[in-house]
Amino acid sequence: MAEKNKTYLPQALEEHWQAVWRERRAFATRGEGEPFYVLEMFPYPSGDLHMGHVRNYTIGDVFARFQRMRGHDVLHPMGWDALGLPAENQAIREKIAPQIRTPKNIAQMKAQMEKLGLAYDWAREIATYQPEYYRWNQWFFLKMLERNLVYRRETTVNWCPGCNTVLANEQVRDDGTCWRGHAGVTTRAIPEWAFRITAYAEELLADLDQLAAWPERIVSQQRNWIGKSGGARVRFPVAGRPEPIEVFTTRLDTIFGCTYVVLAPEHPLTATLTSAAQRAEVEAFAERTRKTDKIERTAEGAVKEGVFTGAMAVNPFTREPVPIWIANFVLADYGTGAVMSVPAHDQRDFEFALKYRLPIKPVIFPADGGPLPSPLTEAFTADGVLRNSAAFDGLTSAAAREQMAAHAERERFGQSAISWHLRDWGFSRQRYWGTPIPIIYCPEHGPVPVPEGDLPVVLPDYADVQLTGEGGAPLAKLPAFYATSCPICGKAARRETETMDTFVDSAWYFARYLSPELTTAPFDRDAARTWLPVDIYVGGPEHAVMHLLYFRFWTKVMRDLGLVEIDEPVVRLITQGMVNAPAFRCPSHGYQPAAPLLAQPESERRCPTCQQPLQMAVEKMSKSKYNGLDPMALINRYGADTARLYTLFAAPPEKDLEWSPEGVDGVARFTARLFRVAAAQAETVRQAPLPTGMQGLAGADAELRRAVHRTLAKVSDEIGTRNHFNTAIAAMMELCNTLHEHKLHETTTVAPGVVREALLLVAQMLAPLAPHLAEEIWEQAGGEGLVAHARWPTPDPEALTIATLSLGVQVNGKLRGQIEVPIDASDELIAARAQADENVARFLAGKTIRKRVVVPGRLVNFVVSG
RNA sequence: GCCGGAGUGGCGGAACUGGCAGACGCGACGGACUCAAAAUCCGUUGUCCGAAAGGGCUUGUGGGUUCGAUUCCCUCCUCCGGCACCA
């Protein structure tokens with residue numbers, strides 16, 4: 001900047017450099033260097049960045065800027081996940097068209113991102129609400145329909161009789177009322193469209209092995225979600241019925257202990273086989289189950305309940321009759337919707353049997369021949385040896401599972417089978433603000449795909465739709481939208497009025513950035529060959545399962561469509577922890593805005609309405625808890641560099657972050673100190689020739705140069721290898737303290753060349769983290785061009801050498817002394833020095849040294865006795 | 001309930017492969033500068049005993065493995081994320 005001021009005024013300085021970057025299009029791809037794709041999960045454009053965004057995008061920005069300095073050709077785009085429920089709810093509340101509101105929100109958030117100094121190539125911006133984007137959702141739908149990866153099925157959804165519409169899980173409150181206050185939320189079965197993700201289950205599981213650079217916890221969550229388990233299907237005939245009950249079990253070895261079977265209340269057989277005597281009870285129970293929503297039902301830490309249907313099935317192994325029950329914990333759309341219950345060997349079945357006084361029959365006994373308590377006090381769930389199992393007695397569980405499956409297959413009442421936890425992806429939504437599903441229902445030809453040439457099916461204007469949140473799919477009220485003709489026969493037909501799950505948008509957006517303007521294909525194949533897979537993907541761990549699984553699934557589909565040549569979308573995944581903050585809650589009036597309360601002394605924090613003392617807890621920042629802190633306030637007060645450094649300094653990326661504004665001051669001091677050092681030295685060092693090595697350097701010159709290069713080695717490792725930005729910043733703070741010890745903030749005796757090198761290296765190290773200040777220091781010290789485009793420096797190995805080491809000396813594992821030894825000291829010399837230490841000698845006196853452990857470079861330990 | 005993760009000073013965190021626990025920062029305390037305040041600069045700061053040298057204790061709980069455990073194993077507790085229509 002012209003007219004240097006020695007006071008650090010970050011706002012003006014940052015605006016200046018942001019303008020320079022913008023003018024020079026500093027973050028466009030260059031077309032030279034190894035391609036490197038850095039991606040962050042794109043946001044829903046709510047209108048304001050929150051702290052979670054700031055953290056997410058700052059972390060991504062560090063990677064992008066660092067890899068650019070490493071010489072890569074970096075692709076770093078940003079876009080908007082604009083469709084979905086929040087925008088629709090806002091439209092209902094505020095009566096503003098999402099088409100109007102969304103671009104405004106986007107403009108505002110984009111301005112905020114620019115103020116943070118994020119290095120995006122804005123020429124590649126995408127927004128999913130634009131027909132230019134979602135037409136490709138529709139195109140993919142048609143392609144997947146052709147390949148039998150899309151189908152129609154029945155599903156159960158939350159239904160609010162008051163709103164007369166389907167509710168998202170989020171719109172159902174704990175007490176069974178809907179988000180708008182209606183009571184009596186229930187579930188109901190409706191048809192929907194689904195993606196056959198299960199066709200890829202085996203590959204989605206196997207390819208987890210390719211994800212070596214993903215966090216282990218994400219991989220295991222995916223593995224468990226896919227949930228492959230080996231077992232068997234067995235058919236239990238029902239007296240007087242043609243159709244048997246099919247169950248899946250992983251414990252076929254326990255089947256002689258099966259004393260009842262349980263169906264889901266929605267199971268198709270439930271209605272037909274219930275006896276007349278039990279009908280009223282069974283129907284009442286099914287109705288009650290429907291009224292508890294899906295989440296609560298599976299979250300059945302609560303109550304396991306069931307009723308007898310009055311019907312009996314036959315255990316095909318024992319040929320004995322067993323009662324058929326229905327229960328709330330068995331789900332229709334999971335497995336076969338029916339389970340065989342073995343109370344002796346399954347804890348849930350055991351509890352259920354006790355409650356309803358069903359027989360408990362042990363058939364597996366400990367392999368060591370030990371007894372089981374009689375009566376059982378809990379289920380014996382381990383593998384063991386079979387008894388009471390006829391021909392299979394004496395077999396181990398594992399052997400029995402094999403032989404019994406073979407037996408079942410021979411006898412044609414079952415076979416071994418694999419079961420998956422993963423279910424197909426239902427993506428129909430009865431909503432307006434989503435991608436219209438390109439299907440036309442013809443009375444004659446049934447569901448007919450919209451011809452590819454007629455895409456996109458464009459969402460009708462908001463003005464034509466009455467968004468009330470009531471009465472089912474909004475598009476179904478709009479004849480101008482749905483009235484059409486059949487593409488096959490031309491007769492009057494009706495469009496599909498449901499829209500797609502927004503997970504569809506985010507399943508492939510990473511590829512759209514490669515060629516955002518393309519109108520002939522979702523993306524350019526050559527560009528995909530160049531840029532994919534994504535090298536680093538940064539986002540929240542809340543997406544560990546669903547989004548990332550859909551993302552992986554879609555990539556494999558795109559591969560099979562011949563669009564990409566990769567199996568997996570992302571090489572390296574970084575999941576950043578959440579940003580939490582204190583939230584205040586009044587027992588009577590709910591959450592209260594945290595910001596004014598934090599400004600008050602603790603004793604005065606009371607509910608503004610009723611003056612009760614408030615409960616405080618650290619919770620995820622969110623609007624509904626009123627504990628969000630506006631990042632723009634932070635940036636306006638301290639500058640973007642300090643805000644960035646603080647979010648990076650407070651915790652390593654993957655850890656949750658408890659936001660406390662106090663710590664910011666320390667980082668603000670650090671940036672201001674660095675600025676003052678650069679400003680103090682600029683005049684004297686700008687032209688100084690740089691040192692070429694350690695020759696001729698002594699005293700403070702040598703000391704400072706060593707410190708700078710040591711810091712560079714540390715920072716390179718922390719940023720480049722370990723991604724621990726907090727410790728990188730700590731190392732730079734230490735260096736800053738060293739610069740102060742050498743009086744670089746005023747007049748120093750250190751040689752100008754050494755000072756200039758220090759400043760240039762500081763600017764380069766700082767460039768990914770605090771890019772504006774880095775540019776400023778770079779310029780002050782006479783760096784060439786932009787530091788954003790400079791190469792990441794390499795430490796001078798000569799400056800990293802050291803002559804002596806300091807080792808700890810332990811006696812019996814307790815630290816008793818400290819010694820200095822030459823770097824190449826032998827174990828004998830180390831031991832001699834250690835024993836010579838006065839305090840160590842005290843602890844060795846009169847004892848026998850039984851063992852000596854020398855850990856190179858760390859410590860020496862004497863094991864003594866006597 | 002099931003799946004995944006986390007727990008270290010007054011606070012955020014560090015300790016990379018089993019090797020000197022508490023780097024760096026906040027806060028607090030003391031000092032310099034100032035008429036004064038802010039800013040800045042210097043110092044102290046896990047805890048207990050001790051004048052000091054030094055010693056005891058200490059990484060959610062209880063146990064185990066090891067010369068040595070924040071790190072590995074088992075038990076329990078607490079908190080956080082996900083659970084398929086929030087994204």
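Computed from heavy atoms alone, side chains included, the values below leave out hydrogens, waters and symmetry copies. So that the names make sense, note that chain A is the first sequence line, chain B the second, and so on, each numbered from 1.
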Could you tell me how far [M] sits from [N] if I compare only their [atom1] atoms? Round to whole Å.
| N | M | atom1 | result |
| --- | --- | --- | --- |
| B:C3 | B:G13 | P | 28 Å |
| B:G10 | B:G22 | C1' | 14 Å |
| B:U8 | B:A23 | P | 16 Å |
| B:C49 | B:G1 | P | 44 Å |
| B:A53 | B:U44 | P | 14 Å |

Which glycosidic conformation, syn or anti, is assigned to B:G56 if syn requires a torsion within 90° of zero?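 In terms of base orientation relative to the sugar, B:G56 is anti.
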Scan nucleotides 24-34 of chain B nucleotide by nucleotide, 5' to 3', and note B when protein non-hydrogen atoms come under 4.0 Å of the base, S if they reach only the sugar-phosphate, - if neither. BSSS-------
Per-nucleotide protein contact string for nucleotides 62-74 of chain B, where B marks a base within reach and S marks sugar-phosphate only (heavy atoms under 4.0 Å, - for neither): -----B-------
Nearest to side-chain heavy atoms of [X], which nucleotide of [options]:
| X | options | value |
| --- | --- | --- |
| A:Val166 | B:C85, B:C86, B:A84 | B:C85 |
| A:Arg217 | B:A87, B:G13, B:G4 | B:G4 |
| A:Val545 | B:U40, B:G82, B:G19 | B:G82 |

Output yes when at least one side-chain N/O atom of [X] is less than 4.0 Å from OP1 or OP2 of [N], else no.
| X | N | answer |
| --- | --- | --- |
| A:Thr502 | B:A87 | yes |
| A:Arg722 | B:C16 | no |
| A:His745 | B:C41 | no |

Salt bridge flag under 4.0 Å for residues A:Glu192 and A:Arg152: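 A:Arg152 and A:Glu192: not salt-bridged.
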What is the distance from atom CG of A:Asn812 to atom CD of A:Gln810, rounded to the nearest 0.5 Å?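 That separation rounds to 9.5 Å.
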Gap separating the CD atom of A:Glu470 from the OG1 atom of A:Thr165, nearest 0.5 angstrom: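 OG1 of A:Thr165 is found 8.5 Å from CD of A:Glu470.
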Any residue meeting side-chain hydrogen bond (donor to acceptor under 3.5 Å, both in side chains) with [X], in chain and number order, not counting sequence neighbours:
| X | answer |
| --- | --- |
| A:His50 | A:His53 |
| A:Thr738 | none |
| A:Tyr509 | A:Tyr537 |

Any donor-acceptor pair under 3.5 Å joining the side chain of A:Gln818 to the base of B:C20?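 Pair found.
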For A:Trp80, which residues count as a ring pair (Phe, Tyr, Trp, His ring centres under 6.0 Å) partner, sequence neighbours excluded?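 Testing A:Trp80 for ring pair (Phe, Tyr, Trp, His ring centres under 6.0 Å), a comparison that skips the adjacent residues, returns none.
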State which residues pass ring pair (Phe, Tyr, Trp, His ring centres under 6.0 Å) with A:Tyr134; sequence neighbours excluded, sorted by chain then number.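 Residues passing ring pair (Phe, Tyr, Trp, His ring centres under 6.0 Å) with A:Tyr134: none at all.
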Between the protein and nucleotides 54-57 of chain B, are there any N/O to N/O pairs under 3.5 Å, and if so, what are the atom names and distances?
unit_1 : atom_1 : unit_2   : atom_2 : d
B:G54  : O3'    : A:Arg842 : NH2    : 3.4
B:G54  : O2'    : A:Arg842 : NH2    : 3.3
B:G55  : OP1    : A:Arg816 : NH1    : 3.3
B:G55  : OP1    : A:Asn839 : ND2    : 2.9
B:G56  : OP1    : A:Arg816 : NH2    : 3.1
B:G56  : OP2    : A:Arg816 : NH1    : 3.2
B:C57  : OP2    : A:Lys814 : NZ     : 3.0

According to salt bridge (Lys or Arg N to Asp or Glu O under 4.0 Å), does anything in residues 722-743 of chain A pair up with another residue at least two apart or in another chain? List the pairs.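 Listed once each, the pairs are A:Glu718-A:Arg722.
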So which pairs with a foot in residues 644-657 of chain A pass salt bridge (Lys or Arg N to Asp or Glu O under 4.0 Å), sequence neighbours left out?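 Found A:Asp61-A:Arg644.
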Results of salt bridge (charged side-chain N to carboxylate O under 4.0 Å, His left out) for A:Arg431 - residues two or more places apart only: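 In terms of salt bridge (charged side-chain N to carboxylate O under 4.0 Å, His left out), with neighbours along the sequence ignored, A:Arg431 is linked to no residue.
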Name the stems with RNA chain B in them: runs of three or more consecutive Watson-Crick or G-U pairs, distances under 3.5 Å?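 Expected stems, ordered by start: B:1-7 with B:77-83, B:10-12 with B:24-26, B:27-32 with B:40-45, B:46-49 with B:54-57, B:62-64 with B:72-74.
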Whole angstroms only, please: what is the CG-P distance between A:Asp656 and B:C79?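 Distance, rounded to whole Å: 15 Å.
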